Structures are given as structure tokens and as C-alpha cells.
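Computed from a predicted model, the values in this text were never measured in an experiment. Every chain is numbered from 1 and lettered A, B, ... according to where its sequence line falls, protein lines coming before strand lines. Every heavy atom of this structure was used, including side-chain atoms; hydrogens, water molecules and symmetry mates were not.
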Amino acid sequence: MKDFNFFSKKLITWYSSHKRNLPWRGIYDPYKIWISEVILQQTRVTQGLKYYNRFIKRFPDIESLAGVEEQEVLKYWQGLGYYSRARNLHRTAKTIMDKYNGVFPKDYYTILKLKGIGEYTASSITSFAWNMPHPTVDGNVFRFLSRLFAIDCPIDTIKGKNHFTELAIQLMDKSKARIFNHAIMEFGALQCIPSSPDCTVCSFKSVCLAYINHTVVQYPVKQYRTKIKEIYFYYFHIHDSDHLYLNMRKEKGIWQNLFEFPLIESDILMDFQQLSNTDQFRLWFPKKHIYHFELIVKNQKHILSHRILYAYFYKVFMKRIPNSFDTFKKVKLMEIDKYPIHRLMQFYLGKILPFNRFISTFE
DNA sequence: AAGACGGGGAG
DNA sequence: CTCCCAGTCTT
């Protein structure tokens, strides 16, 4: 269709004068590239930056990452979201130690089999570390290419993915995969931005089909929309002057392996009367003991990509800690920093603890 | 093919 | 509010 080498050249020229200075640029260590790419999955550069620096400082290589407990890896991921990324990072570090003698595999398809590494990340690692000609097709690339060629095929379908990947392969100067991939993503991130891009200064305005047709706003095309469900979380903060009673979320789902107060989840809004009639409540707080409940936080809205959850925090006072609390993890207040917690717990602890030193270490 | 999985920032 | 971010895994 066009002179593809023209695009590659033009893109790289643009990149050389517009690129941002980022800590994972100009690095050829596959480990560091891997960490940076996983952190940046569905995450903005500005948000991931401090996590990257802190993570690399604590886990400078595969061996150091594989050698710790998952809990510590999650602690360094606390607040970033999509926690399966951290769990998979840890798991894959162990796999590389066990199966590949601690050396990061160099074959694309071997890398692709590792947990938490998909096509995008495998392409990033192989192209950035070894200049292998695999295209990095991320959100930036989807957007840029969909506009440049006015592609109506939805990007969130198998067909769309394949189409854009093929296009990126054809556009790429195979001998310059590393800089081409950096350039095309940077272009999408800085010039061909999602909303109101300044097309008047774009290097491709003379050939961009969407710009020529005045249809830039229509691209990229998406087929699916995530539907959002509302849920209600009722937390119990057991009163104790110098301890917290926590549970680890073991089940698959939101916040797996993170710590939180004993919790009753519900699809519906419940007042205290209804709550106290649930099986879980009666198990934790049997009638033979005297309790006093105080509602500290009411209807706290917490938004996830696919859920809106409303949280209630009850503080529980009692004469003596009953045996039914033995299943909870009793954590010294001073040691809360060792336990990975989600934003909602951080919010509550920040509210009730007079000194924010308890949760300040990782912020 | 469709949904699950966080959190934050921009408009 | 809505959209989207250097996506991947599960069913």
C-alpha cells in the first residue's frame, strides 16, 4: 500500500527528538525490562515510575526476587492494582531459577509460556533486550495504527489483534526492532493521544486516513464494554489497643492474597439487624459473649474497573477476645507494614490510626 | 468469545 | 459521570 520504510524512518526521527527520559530506556537487562513492562501493563508511566524504582532497588535481579516470600513481593506492589501481576512475577522468577538455571530465556516462544507474560510483554523483552523483530502492539499502537489506516475492525477481538499485529510487522524495519517499538509506542503516548490530539503538528497528518476524513475521534473501534456490578463489604475492626485481627483473601478474585479485616460480602445492602442474622456473623460473634458494635465508616464507595463496592467498617468492642477469633491473624500494630493491604484497608487505617507512620513506608 | 482483574488521572 | 492506561488469564 505505502512505502513502509518511510513510516519506520519518520517514526524513528520523531522519536529521537521527542522521547522521554525514563529509567528503563537504554537498558538491555531482560530482567529489568520484564519488570518495567509488567508494571506498565494497564498502568500509566507516571503511576508506575516510583513502583519500578523501588522494586528494582529491593529486587535487583531474578535471584533476589525468587528468594523472598510472595507476601513481600505483594508488599512492593501494594496500591498498584492487578495483583496477579505481582504473584505471577514471583512465580516466574522461581520458574527461571528452577528450569533455566537463573538465566532469562532468550527464545520468544519460551518466554511467552511464562506466567504473566503475553504477546506484548514477550515482544517487549525480546526486542528491547536483543533487538529481535517482534512488534509491541499495545494500546498506543492500536490507537495510532487504527487512525493512520482508518481501521474499523474492533481492537478487542482476535481478528483485530491479528490484523494490527500483522500491520505492525510490515511497518517495522526488521533491523531496528528495538528503536521502532519504542518509537511507535511513544508516538501513541505523546502525539496520537486518546482524546483531542493536536493533529496539526503530527508528522503523519498528510497520510493519516482518519485525519484526512475528519474521523480521528472514531478510532480505535471497540466492541465490548465492561459491565459493572455493585457489591457490599462489611468489615469488622476488632478493638485491641495494639493488635489488628486480619484475614488473607485466599479465594480467587479481587485482592487475592492481600490482608484485610474479617469481612462479610453481600450482593445487597444490609442494615445491622440483617447483618447480625447472617451465618458468618453468628459464627464470629456468638450470642454467649457481649459485644458492642460501632459503625465507623459508612457506605464508603470504592471503584474498580468491573465493580463498585460500598464498604462499611464496624468497630467491635468486647470484654475478652473469644476463641472464635483464633482463625484470624493477630498482627501487632507496629508490624502492619509487613502485610500487603489494598487501598480500601489503607483508607480505613489512615483514618483511624493517629500516626500515619503505620502505612507511610510504601507511599 | 467474554469476563475478571485495581487504581488513578483526564476531560 | 466516561474513558483509558506500554495486558494477561480464565472459563
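- Regarding A:Arg91, its CZ atom lies at a distance of 12 Å from the C1' atom of C:dT10, rounded to whole Å.
- Near DNA chain C, meaning a heavy atom under 4.0 Å from it, residues 114-136 of chain A has A:Leu114, A:Lys115, A:Gly116, A:Ile117, A:Gly118, A:Glu119, A:Tyr120, A:Thr121 in order of number.
- In this structure, of B:dG11, B:dG6, B:dA1, it is B:dG6 that holds the atom nearest to the side chain of A:Ser305.
- Across all strands, A:Arg143 comes closer than 4.0 Å only to sugar-phosphate atoms, never to a base (heavy-atom distances).
- No engagement by A:Lys19 is indicated, since no non-hydrogen atom pair under 4.0 Å with the nucleic acid exists.
- The residue among A:Lys159 and A:Gln41 whose nearest nucleotide of DNA chain B lies closer to the 5′ end is A:Lys159.
- For A:Trp77 and B:dC5, the shortest distance from a side-chain N or O to OP1 or OP2 is not below 4.0 Å.
- For A:Ile254, taking side-chain heavy atoms from C-beta onward, the closest of the listed nucleotides B:dG7, B:dC5, C:dA6 is B:dC5.
- We find that A:Glu186 and A:Arg20 are joined by a salt bridge, their nearest charged nitrogen and carboxylate oxygen being less than 4.0 Å apart.
- Listed by chain and number, the hydrophobic cluster partners of A:Leu112 are A:Tyr108, A:Tyr109, where partners are ILVMFWY side chains within reach of under 4.5 Å, directly or through others.
- Across the interface with DNA chain B, nearest-nucleotide mapping of A:His302 and A:Arg225 shows A:Arg225 to be the residue nearer the 5′ end.
- When distances are taken from the side chain of A:Leu40 to each of C:dA6, B:dA4, C:dC5, the shortest belongs to C:dA6.
- For the C1' atoms, the distance from B:dG8 to C:dC9 is 23 Å, rounded to whole Å.
- Of the C1' atoms belonging to B:dG6 and C:dC3, the separation is 15 Å, rounded to the nearest Å.
- The side chain of A:Arg343 contributes an N or O atom lying less than 4.0 Å from OP1 or OP2 of B:dG8.
- In this structure, A:Gln47 places its CD atom 11 Å from P of C:dA6, rounding to the nearest Å.
- Salt bridge status for A:Arg58 with A:Glu72: present, with a side-chain N to carboxylate O gap under 4.0 Å.
- Between A:Phe7 and A:Phe204, the distance separating the two ring centers is shorter than 6.0 angstrom.
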Inset, instruction - Any chance you could lay out the ring pair (Phe, Tyr, Trp, His ring centres under 6.0 Å) test for A:Phe236 and A:Tyr245, step after step, and finish with the verdict? - result: CA-CA 9 Å; A:Phe236 299 97; A:Tyr245 291 80; over 10 Å; no
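- Note: CD (A:Glu251) to P (B:dC5) measures 10 Å, nearest angstrom.
- Counting non-hydrogen atoms under 4.0 angstrom, A:Arg307 reaches the backbone sugars and phosphates but no base.
- Within 3.5 Å, no donor on the side chain of A:Thr226 pairs with an acceptor on the base of B:dG3, nor the reverse.
- The separation between A:Ile155 atom CD1 and C:dC5 atom C1' is 11 Å, rounded to whole Å.
- Rounded to whole Å, the P atom of C:dA6 lies 24 Å from the corresponding atom of B:dA4.
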Inset, instruction - Apply side chain to side chain contact (heavy atoms under 4.5 Å, CB included) to A:Phe6 and A:Lys9, showing your working. - result: CA-CA 5 Å; A:Phe6 160 81; A:Lys9 259 204 176 86; 5.9 Å; no
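- Atom CZ in A:Phe144 sits about 15 Å away from atom P in C:dA6, given to the nearest Å.
- When the side-chain nitrogen and oxygen atoms of A:Gln42 are compared with OP1 and OP2 of C:dC5, none of them lie within a distance under 4.0 Å.
- Among the protein residues, A:Ser84 comes within range of no part of the nucleic acid, since none of its heavy atoms lies under 4.0 Å from any strand.
- Residues A:Arg85 and A:Gln41 come closest through the heavy atom pair NH1-O, 2.9 Å.
- Rounded to an integer number of Å, the gap from A:Lys252 NZ to B:dC5 C1' is 12 Å.
- Between A:Tyr82 and the phosphate of B:dA4, there is no side-chain N or O to OP1/OP2 separation shorter than 4.0 Å.
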Legend entry - Residue pair A:Phe281, A:Phe272: steps toward the ring pair (Phe, Tyr, Trp, His ring centres under 6.0 Å) verdict: CA-CA 10 Å; A:Phe281 187 97; A:Phe272 185 74; 5.7 Å; yes
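- Atoms CD1 (A:Ile39) and C1' (B:dG6) sit 15 Å apart, rounded to a whole Å.
- Between the CZ atom of A:Arg25 and the P atom of C:dA6 there is a distance of 11 Å, rounded to whole Å.
- Residue A:Glu119 qualifies as open at atom CD: its count of foreign heavy atoms under 6.0 Å is 12 or below.
- If you check every strand for non-hydrogen atoms under 4.0 Å, A:Gly188 touches nothing.
- The residue among A:Gly139 and A:Arg44 whose nearest nucleotide of DNA chain C lies closer to the 5′ end is A:Arg44.
- Closest approach to the A:His306 side chain among C:dA6, B:dG6, B:dA4 is made by B:dA4 (side chain taken as heavy atoms from C-beta onward).
- Note on A:Lys222: a side-chain N or O is less than 4.0 Å away from OP1 or OP2 of C:dC4.
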